[in-house]
Amino acid sequence: MKRLYRSTSNKMMSGVLGGLGEYFNIDATLLRLIFVVLLIPSFMTFALVYLVAALIIPKEEEIY
């Protein structure tokens, strides 16, 4: 069973896009570029979506 988590290893801010990249098997850098491109014309709506996702999506458990 696949679950969506915020990535702890592939993150720049809170790990949302890194976690989405791992979940959908897409490069997180590509998702970050798409996010930045869509951020400007959306009048910061995507920033609010990112913030809500960072609060809702649980953090990946670190395995040592």
Side-chain angles (χ1 to χ4, degrees):
M1 185 169 99
K2 248 173 124 170
R3 296 205 50 187
L4 178 61
Y5 292 105
R6 288 185 293 139
S7 178
T8 55
S9 59
N10 188 7
K11 69 177 190 174
M12 295 204 72
M13 291 177 55
S14 68
V16 173
L17 296 175
L20 283 172
E22 291 172 6
Y23 184 80
F24 290 113
N25 200 23
I26 301 173
D27 186 20
T29 305
L30 180 64
L31 289 176
R32 290 180 186 116
L33 287 172
I34 291 170
F35 177 78
V36 169
V37 168
L38 292 176
L39 186 65
I40 296 165
S42 73
F43 299 107
M44 298 300 184
T45 303
F46 277 95
L48 291 173
V49 171
Y50 185 91
L51 180 63
V52 169
L55 294 173
I56 293 175
I57 299 173
K59 191 180 239 184
E60 178 182 46
E61 296 178 12
E62 294 184 34
I63 300 172
Y64 293 103

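Keep in mind that this is a model prediction, so the values were computed, not measured.
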Asker: Are M13 and L39 connected in a single hydrophobic cluster, I mean Ile/Leu/Val/Met/Phe/Trp/Tyr linked by side-chain heavy atoms less than 4.5 Å apart?
Answerer: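 Looking at the clustering, M13 is in the same group as L39.
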Asker: Might you point out which heavy atoms bring S7 and G18 nearest each other, and give the distance in Å?
Answerer: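 Answer, listing the atom of S7 first, then G18: CB-C, 3.8 Å.
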Asker: For the hydrophobic clusters of this structure (ILVMFWY residues joined by side-chain heavy atoms under 4.5 Å, transitively), does one cluster hold both M44 and I40?
Answerer: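 M44 and I40: separate clusters.
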Asker: Just to verify, which of E61, K59, E60 counts as forming a side-chain hydrogen bond (donor to acceptor under 3.5 Å, both in side chains) with T8?
Answerer: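 Testing each of E61, K59, E60 against T8, the sole residue satisfying side-chain hydrogen bond (donor to acceptor under 3.5 Å, both in side chains) is E60.
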Asker: Applying the 4.5 Å side-chain criterion to the ILVMFWY set and letting contacts propagate, would I57 and I34 be lumped into a single cluster?
Answerer: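 Same cluster.
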Asker: Could you give the distance from CG (L55) to OH (Y50), rounded to the nearest 0.5 Å?
Answerer: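 Result: 11.0 Å between the selected atoms.
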Asker: Rounded to the nearest 0.5 Å, what's the gap from CZ on R6 to CD1 on I56? Could you check?
Answerer: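 It is 11.0 Å, given to the nearest 0.5 Å.
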Asker: For Y5, which residues count as a side chain to side chain donor-acceptor pair (under 3.5 Å) partner, sequence neighbours excluded?
Answerer: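 Y5 satisfies side chain to side chain donor-acceptor pair (under 3.5 Å) with no other residue.
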Asker: Hydrophobic clusters here meaning ILVMFWY residues chained together by side-chain heavy-atom distances under 4.5 Å, can you tell me if L38 and V16 are in one?
Answerer: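 Linked within one cluster.
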Asker: Cut-off 3.5 Å, no hydrogens considered: what does the side-chain donor-acceptor table look like for residues 23-31, sequence neighbours left out?
Answerer:
none

